[in-house]
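Okay, so here's the structure we're looking at.
Please read these numbers as outputs of a predicted model, since none were measured by experiment. Within every chain, numbering begins at 1; the chains are lettered A, B, ... in the order of the sequence lines, protein sequences first and strands thereafter.
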Number of protein chains: 2
Amino acid sequence: MEKPANGVRLVKAPEHFISQELIADINANGLDETRRGFLRKGFFSALGGAAAGLAAPMAFAAGEGDPAILEKQEWQTTLGKNVATMPYGVPSIYEANLIRRESPGLTRVSAASVAFTPLQGLFGTITPNGLHFERHHQGWYNLNPETHRLMINGLVKNARVFTMNDLMRLPSVSRTHFIECGANTGLEWGNVAVPTVQYTHGMLSCCEFTGVPLKVLLQECGADLKKGKFLLAEGGDGSGMTRTINLEACLEDTIVAWGMNGEMLRPENGFPLRLVVPGVQGVSWVKWLRRLEVGDMPWNTKDEAVHYIELMPDGMHRQYASIQECKSVITTPSGGQQLLDKGFYNVSGMAWSGRGKIKRVDVSFDGGNNWRTARLETPVLTKSITRFNIDWVWDGSPAILQSRAIDDTGYIQPSIKMLRDVRGNRSIYHNNAIQSWKLDSNGEVSNVQVG
Amino acid sequence: MEKPANGVRLVKAPEHFISQELIADINANGLDETRRGFLRKGFFSALGGAAAGLAAPMAFAAGEGDPAILEKQEWQTTLGKNVATMPYGVPSIYEANLIRRESPGLTRVSAASVAFTPLQGLFGTITPNGLHFERHHQGWYNLNPETHRLMINGLVKNARVFTMNDLMRLPSVSRTHFIECGANTGLEWGNVAVPTVQYTHGMLSCCEFTGVPLKVLLQECGADLKKGKFLLAEGGDGSGMTRTINLEACLEDTIVAWGMNGEMLRPENGFPLRLVVPGVQGVSWVKWLRRLEVGDMPWNTKDEAVHYIELMPDGMHRQYASIQECKSVITTPSGGQQLLDKGFYNVSGMAWSGRGKIKRVDVSFDGGNNWRTARLETPVLTKSITRFNIDWVWDGSPAILQSRAIDDTGYIQPSIKMLRDVRGNRSIYHNNAIQSWKLDSNGEVSNVQVG
């Protein structure tokens, strides 16, 4: 098994710290009922109070002997490091294992490959820029922003060339959206169960993007939006990346962006300019953006006519299926992690929909027979990641953990069987099926396909 | 003047790209009225259409000669760098000047100093973790999360010691909040006008924090919340940092946090554990948190009885004034930047309030005689940064730029004169006055105190 990606979360877990009485109560009455009871009489004081005498070495009474708290630590008796030791800071050395990774064996030309985001070690909704997933078609570059240009042409009254300064003087917006590669979770179609959530779902990130609304730029150039129903976006890298954007679907919320989580885009994510097409697969978020052409029909470029298409059971190709449908995944615990004792866990994951907002997430611990509704962290934003959390007490038995998201269109995330019934198993794109994690009685979590 | 902190935004600006007709219209009718007109007939097509023939070298018609767009660039003809070249990514080399900085001459012991966030180069609301401001009292450390402990004692039924694993198994929340040092903008009290917004306002950051609600932990330990109105928070560094937290004010939204913008806290920001006390000055967000004691009165520790107090005009000290009141600042353009031509600008800044949400931000370009209301980016979150933007056409005349925020309690950000009338000029804390930037006719922006 891969080395755990995060020291803190995957080291040997301590004794469980809720009481045997509570576990018995939950087993007898179910967690929801038990929780209602505890809410009346104080849920967490019941948890903690009863556990204090039980769960050594986890829960000491004060003064009972943990040298880590009782004895002076090195950092309490010495002068630490100066401010601005790192003028641009980096994570703790104890987090050194939480990095982007290529999937072993997936590709051999790393300039046209993927580095996946380690979702198993992340919290909340924001992806730190240093861990944003990468997908390049001919590698990445340090473009010079002073010589970078964006041309807008085609069905416009005034074709224009913009410098970065021109663009950054225009009215800007800042909005948080997820970006997901259309091939995310792609290996699961063919029953290749990769070991961790980094590889099953790690072509997914979520950032606050800042830039000028596409609509502003097109109006600025006098685009003919009656005839001009499509936009060609061209990237500045050597792969000749070009994609057709459906203006009817995307005009309102697409952004020509330079900012990402407060700072400039990172080079590997398109510095200094990329397209942000909320809800649409990542390949359309063209990086190192150099040209936008307004036209009256799709261009059928290589990256939409030949690549990023889905081979259906009848041998036909499904093209332009670019919206990322409603999807979710449990990230803690997930494949490759291990629970080393029974007891209470905060089970946590992410949900998102290219159609709008997440309305609800249900979680099952028995492979889909029973479902409970998770808590959603707020604010729930459109076409963005929503973090969900749910209480769970593991009794030490084998279990199958699943999450199922519902968006505000009413769409319900499907099972892998439902998807395969319609789309066959020869595609690698747009797999938004329910993910199943198998928990063995020894606490090991692994990737399985259920239902 | 300090080297501009960001290459992209401060290089020589191109020709202005709105039309002389538009400027004349705005001068005659005001921007709002003009904009209403343009909204009817197409605001930005008016901007762009009329400008295309005017503003060379900015606005070329396609093919008219900019080699940066017409000629093949190096990155279009070569293979780029591989994915995961940086397993944990870093900014572009062109952003190398956008870093945390110590204020020249402010302190000489850098282990007890401040490194300021370069707000002048940031967008949106999120502060990248690498640029989060630092304030240490005895330097920072790489604490080992496996041996770090949190003790909860005092007026509790069951004093407890938690490992990081214990804490991270508890129900967690993820919430976005600003953190501001109580001494932010402190030098302005004494009329020391530091040159840039990095030094006037750069002890301010905003992140999505993840952790267990304080309330959950206290209930877990059976805290007596009738007697126990105060909490002592103790940090693990050598400075013996201890602060009293008012539980009546802070119990509901305080978080014992390990996550910051999706990943673990950075070492210089308290890894692996810090207190997040939304709306309260940063010193109370105790880093490397090792102990929480519930008590029935404030502790009057050195860092609240002797430091972080305000000397009032009558010689009395104002203690425990810890809420960060409603405040705002324009970051683009700001001190040290230079506008190199007349024309349209998106003027942008940040607003925040320790009392709740930002309700409105007004901007003045004439030193406070006239105010226009800015656009607020959404969602507007409580005790968080709100980004504002406003259209402006600079006619080349000298100007005084100011922003004034109003929060949802109705509180209006005061002028520096109003603050000094009440609080004198001997404090360095809690200066939330309106910031004024002076724009000279040569485009240079500098820090002045007005009104």
Donor-acceptor under 3.5 Å (B:Arg290 side chain, A:Ile69 main chain): yes
Out of B:Gly259, B:Gly124, B:Ser92, which one racks up the most heavy-atom pairs below 4.5 Å with chain A? B:Ser92
Select, from A:Glu134, A:Arg266, A:Gln138, the one with the greatest count of heavy-atom pairs under 4.5 Å involving chain B. A:Arg266
Looking at A:Thr378, A:Ile93, A:Thr210, A:Asn142, which one has more heavy-atom pairs under 4.5 Å with chain B than the rest? A:Asn142
Go through the atoms of B:Thr176 and report whether side chain, backbone, both or neither lie under 4.5 Å from a heavy atom of chain A. neither
List the steps, then state whether side chain to side chain contact (heavy atoms under 4.5 Å, CB included) holds for A:Phe123 with B:Trp258. CA-CA 9 Å; A:Phe123 320 108; B:Trp258 51 82; 3.5 Å; yes
On a heavy-atom basis, which atom in A:Val83 and which in B:Ser113 lie closest, and how many Å separate them? CG1-O, 3.5 Å
Give the C-alpha distance, both sets of side-chain angles, the deciding distance and a yes or no for side chain to side chain contact (heavy atoms under 4.5 Å, CB included) between B:Asp237 and A:Gln76. CA-CA 5 Å; B:Asp237 65 328; A:Gln76 295 180 272; over 6 Å; no
For each of B:Thr85, B:Asn129, B:Thr127, tally heavy-atom pairs with chain A at distances under 4.5 Å, and name the one with the top tally. B:Thr85
Please report the closest heavy-atom contact between A:Pro379 and B:Pro379, naming both atoms and the distance. CG-CG, 4.0 Å
Pairwise distance OG(A:Ser174) to CD(B:Glu377) - rounded to 0.5 angstrom: 5.0 Å
Roughly how far, to the nearest 0.5 Å, is CD of A:Gln73 from CZ of B:Arg149? 9.0 Å
Side chain, backbone, both or neither: which part of A:Asn389 has a heavy atom under 4.5 Å from chain B? side chain
Using a 3.5 Å distance criterion without hydrogens, assess whether the side chain of A:Trp140 forms a donor-acceptor pair with backbone atoms of B:Asn82. yes
Using a cut-off of under 4.5 Å for heavy-atom pairs, which of B:Cys206, B:Gly130, B:Gly235 has the most such pairs with chain A? B:Gly130
Minimal non-hydrogen separation, A:Val161 against B:Asp66, with atom names: CG1-OD2, 4.0 Å
Could you walk me through whether B:Arg100 and A:Met86 pass the side chain to side chain contact (heavy atoms under 4.5 Å, CB included) test, one step at a time? CA-CA 8 Å; B:Arg100 301 189 282 215; A:Met86 301 178 293; 4.1 Å; yes
With a 4.5 angstrom heavy-atom cut-off, is it the side chain or the backbone of A:Ser172 that approaches chain B, or both, or neither? both
Please examine the side chains of A:Pro171 and B:Arg375, heavy atoms only from C-beta on, and report whether any two atoms are closer than 4.5 Å. yes
If you compare all heavy atoms of B:Gly80 against all heavy atoms of A:Ala111, which two are closest, and at what distance to 0.1 Å? O-CB, 4.0 Å
With B:Pro87, which of A:Leu98, A:Leu131, A:Ile99, A:Asn97 fulfils side chain to side chain contact (heavy atoms under 4.5 Å, CB included)? A:Ile99
Looking only at heavy atoms and a cut-off of under 4.5 Å, which of B:Thr77, B:Thr147, B:Leu150, B:Val90 has the most pairs with chain A? B:Val90
Heavy-atom pair with the smallest gap, counting every atom of A:Pro91 and B:Pro267: C-CD, 4.1 Å
Residue part contacting chain B, namely of A:Leu143, when any heavy atom lies under 4.5 Å: both
Side chain, backbone, both or neither: which part of B:Lys81 has a non-hydrogen atom closer than 4.5 Å to chain A? both
Interface check, chain A: of B:Gly238, B:Gly240, B:Cys207, B:Ala223, most non-hydrogen pairs under 4.5 Å belong to B:Gly238
Just verifying a value: how many Å separate A:Leu70 CG and B:Met151 CE, rounded to the nearest 0.5 Å? 7.0 Å
Atom NE2 of B:His136 and atom CG of A:Leu79: how far apart are they, to the nearest 0.5 Å? 11.0 Å
So, taking the atom named NE2 in B:His148 and the one named CH2 in A:Trp75, what distance separates them when rounded to the nearest 0.5 Å? 8.5 Å
Are the side chain of A:Arg169 and the backbone N or O of B:Phe344 linked by a donor-acceptor pair below 3.5 Å? yes
Atom group of A:Asn144 that falls short of 4.5 Å from chain B, counting heavy atoms: both
Part of A:Ser348 within contact of chain B (heavy atom distance under 4.5 Å): neither
Positive for side chain to side chain contact (heavy atoms under 4.5 Å, CB included) with A:Ile126, one of B:Glu208, B:Glu263, B:Met260: B:Glu208
For a side chain to side chain contact (heavy atoms under 4.5 Å, CB included) check, start with the C-alpha distance between A:Thr78 and B:Tyr141, then their side-chain angles and the critical distance, and finish with the verdict. CA-CA 10 Å; A:Thr78 57; B:Tyr141 301 84; 3.3 Å; yes
Do the non-hydrogen side-chain atoms of A:Glu146 and B:Tyr94 ever get within less than 4.5 Å of each other? no
